[in-house]
Structures are given as C-alpha cells and as structure tokens.
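For reference, the structure discussed in these notes is given below.
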2 protein chains.
Amino acid sequence: MTDDRTGDQLLKMLTALANPHRLRILAALHERQAYVSELARELEMSRPLLHMHLQTLEKVGLVVGRHEVSAEGKALRYFEVADFDEQLSPERITEAVKTLSRHDEPDGKAKR
Amino acid sequence: MTDDRTGDQLLKMLTALANPHRLRILAALHERQAYVSELARELEMSRPLLHMHLQTLEKVGLVVGRHEVSAEGKALRYFEVADFDEQLSPERITEAVKTLSRHDEPDGKAKR
DNA sequence: GTCACGTGTAAGTTTCAACTGACACGTGAA
DNA sequence: TTCACGTGTCAGTTGAAACTTACACGTGAC
C-alpha cells in the first residue's frame with residue numbers, strides 16, 4: 001500500500017507537507033483529533049486559513065474529516081490524521097520518478 | 001544523523017523535494033553523476049533553470065557539487081546525490097514540529 | 001430577536017518560487 | 001579570431017500559493 005504509490009502521488013504528498021502550518025496541523029491532530037474552530041484557536045491561525053490547509057491535506061489523504069453533531073446540536077467538522085508512512089531516499093525517489101508524469105509532452109490530453 | 005534533524009531542516013528538505021524537476025534531477029544523479037550542461041540536455045531543461053534547482057538542492061544538502069577539470073581543460077561542475085534517508089509518518093512529523101521555529105513571534109531577531 | 005458559536009466559501013491582495021533571456025567570462029580547436 | 005562548449009549570474013515576467021476580509025447560513029441559549 002505504501003510502495004505502489006506513483007510518482008505523482010508522492011509529489012503531491014511532498015507538496016502538501018512542504019508547509020510549516022500544515023506540519024503543525026498534522027502534529028496537533030496526531031495528539032488528538034479536533035474540529036476546525038477549536039484547532040484554529042489552538043494553532044492561532046484564522047479559521048479560513050486553517051480550512052484551506054485542511055482541504056489541501058485532505059485532498060492528498062494525509063488527513064480525514066467527518067461531520068459530527070455535538071450534544072448542543074452544533075454540526076462540527078472533526079479531522080484526524082491518516083496513517084501514512086513514506087520513506088525518502090535516493091532509491092525511493094528514483095523509483096517514484098519512473099511513474100512521474102510529464103506535463104510538457106503534447107501526446108497526452110493536454111491542450112496542443 | 002537522521003534523527004537529530006530539526007523541524008526546520010525537515011521542512012527545508014520537504015520544500016526542496018516538492019518539485020517535479022528536482023525529483024527528476026535526484027533520480028538522474030542517482031543513476032550517475034553528471035555535470036550541469038550534460039544534465040540539462042538529458043533532462044531537457046534550460047541550463048539556468050537547472051542551475052537554480054541544483055542550488056536549491058545543494059543548499060539543503062540533498063546533492064553535493066564539486067569542480068573538476070576535464071582532459072580538454074574544461075572546468076566542469078559535477079554533482080552527485082547525497083546519501084539521505086528520512087521517514088515520513090505522523091509520529092516523525094509530530095516529533096519534528098517540536099523543533100520547528102515560529103516566524104510570528106517578536107522575540108527573535110526579526111524586524112519589530 | 002440577537003447573541004455566541006459552529007460551518008463554508010468567494011473575492012481580492014500579496015508574496016514568492018519558477019522560469020526565460022541575456023550578458024560576461026574562460027578554454028581548446030579550426 | 002571566431003567558434004563550440006563549458007561556467008556563473010542578474011533582471012524581469014508570470015503564475016500559483018498563501019493569506020485576509022467579508023459574507024451567508026444554521027443552532028441553542030438568553
């Protein structure tokens with residue numbers, strides 16, 4: 001499950017991780033899951049900004065969100081970290097690059 | 001050597017890796033070392049662009065360069081990949097974030 | 001009804017990485 | 001002396017990511 005990740009997927013994962021806010025978010029959610037506003041307070045960032053970063057993380061599967069209704073009837077959005085494990089080494093990268101798509105060739109479905 | 005990497009260093013490494021060109025560069029250099037112009041042809045990218053990416057990679061230590069004079073007296077700049085091995089998991093990230101510096105507090109040497 | 005707290009998102013700005021094109025310099029070979 | 005090939009760097013453009021502000025909506029408590 002961790003080795004059949006394509007180069008494109010690895011690149012997306014790296015892109016998602018290459019941000020201090022998102023690293024902090026992952027660390028915080030690893031301690032305990034939380035809902036958005038709660039997490040925004042804890043990390044001292046604006047809620048829209050956190051929302052954006054959470055979307056980025058969720059899109060690549062590093063985090064999973066779910067809806068939950070609190071006892072007071074509030075519709076909360078809880079997030080928790082996904083359980084990933086990637087290795088970064090020259091060998092691993094060389095392997096991944098083989099399945100990394102190029103965005104310059106006119107043979108694909110790109111506009112030509 | 002791989003565990004005492006601070007959060008800041010990890011972030012820099014991730015930032016450097018989060019780019020398709022740089023992944024390709026690492027893969028190519030893992031196969032065999034090469035000098036700049038040579039590599040630019042192989043990867044079909046402009047030399048200034050490659051030069052820039054190589055600098056980025058070298059700055060974080062993912063690649064090391066050295067000067068070498070060819071038989072014809074050309075001063076060539078050879079690069080090879082460094083031997084790195086980093087693990088990416090929620091645990092590892094949580095650990096790294098503890099040593100991740102914040103850039104919003106006025107206690108540092110930042111302009112205030 | 002209005003406040004406090006939660007959700008989502010759209011619009012606009014700012015910041016920065018990525019990229020191109022051009023210049024400068026050095027060498028050996030024709 | 002000019003060409004082919006190597007090096008390095010700078011100035012300027014561009015496009016995407018990051019971020020702020022503001023709006024819209026829903027609920028239970030006062």
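The sequence lines fix the lettering, A, B, ..., with proteins before strands; numbering per chain opens at 1. Just so it is clear, the structure is predicted and the values come from calculations on it, not from any experiment.
We find that CG of A:Leu50 is positioned 16 Å from C1' of D:dA17, with the value rounded to whole Å. Distance B:Phe79 CZ to D:dG8 P: 7 Å, rounded to the nearest Å. Rounded to whole angstrom, the span from the CG atom of A:Leu54 across to the C1' atom of D:dC19 amounts to 15 Å. In this structure, the CG atom of A:Leu11 is 15 Å from the C1' atom of D:dA17, given to the nearest Å. When rounded to the nearest whole Å, the span between CG of A:Leu57 and P of D:dA18 equals 10 Å. Per the geometry, CG belonging to A:Leu39 stands 10 Å off P belonging to C:dT7, to the nearest Å. For A:Met52 and D:dA17, the CE to P distance is 10 Å, given to the nearest whole Å. Put simply, CD on B:Gln55 is 9 Å from C1' on D:dT9, counting in whole angstrom units.
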Residues A:Ser101, A:Asp8; criterion side chain to side chain donor-acceptor pair (under 3.5 Å); working and verdict: CA-CA 7 Å; A:Ser101 53; A:Asp8 289 330; 2.9 Å; yes
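Counting non-hydrogen atoms under 4.0 angstrom, A:His21 reaches the backbone sugars and phosphates but no base. Within 4.0 Å (heavy atoms only), B:His51 reaches at least one base atom of the nucleic acid.
The residue among A:His53 and B:Arg77 whose nearest nucleotide of DNA chain D lies closer to the 5′ end is B:Arg77.
With C:dA18, D:dC19, D:dT20 as the candidates, the nucleotide lying closest to the side chain of B:Leu49 is C:dA18. Taking the side chain of B:Lys74 as heavy atoms from C-beta on, and the options D:dG6, D:dT9, D:dT21, the nearest nucleotide is D:dG6. Side-chain proximity of A:Ser37 to C:dT7, D:dA18, C:dC19: nearest is C:dT7. Of the listed nucleotides (C:dT7, D:dT9, D:dT20), D:dT20 has the atom at the smallest distance from the side chain of A:Ser46. Nearest to the side chain of B:Asn19, among D:dA18, C:dT7, C:dA18, sits C:dA18. Looking at the side chain of A:His67, the nearest of the listed nucleotides C:dG8, C:dG6, D:dT9 is C:dG8. Between C:dG21, C:dG6, C:dA18, one nucleotide has an atom nearer to the side chain of B:Pro48 than all others, and that is C:dG21.
The pair A:Arg92-A:Glu86 counts as a salt bridge, with a side-chain nitrogen and a carboxylate oxygen less than 4.0 angstrom apart.
Screening A:Val81, A:Leu62, A:Leu50 against A:Ile25 for a side chain to side chain contact (heavy atoms under 4.5 Å, CB included) leaves a single residue, A:Leu50.
Side chains of A:Glu42 and A:Arg32 form a contact here, defined as non-hydrogen atoms less than 4.5 Å apart. A heavy-atom distance below 4.5 Å is found between the side chains of B:Leu100 and A:Arg24.
The phosphate of C:dC5 has neither OP1 nor OP2 within less than 4.0 Å of any side-chain N or O from A:Arg41. Of the side-chain N and O atoms in B:Tyr35, one or more sit less than 4.0 angstrom from OP1 or OP2 of D:dG6.
Nearest approach of B:Phe84 to A:Pro90, heavy atoms of both residues: O-CD, 3.2 Å.
Judged by distance alone, with hydrogens and angles left aside, B:Arg47 brings no side-chain donor or acceptor close enough to the base of C:dG21 to form a pair under 3.5 Å.
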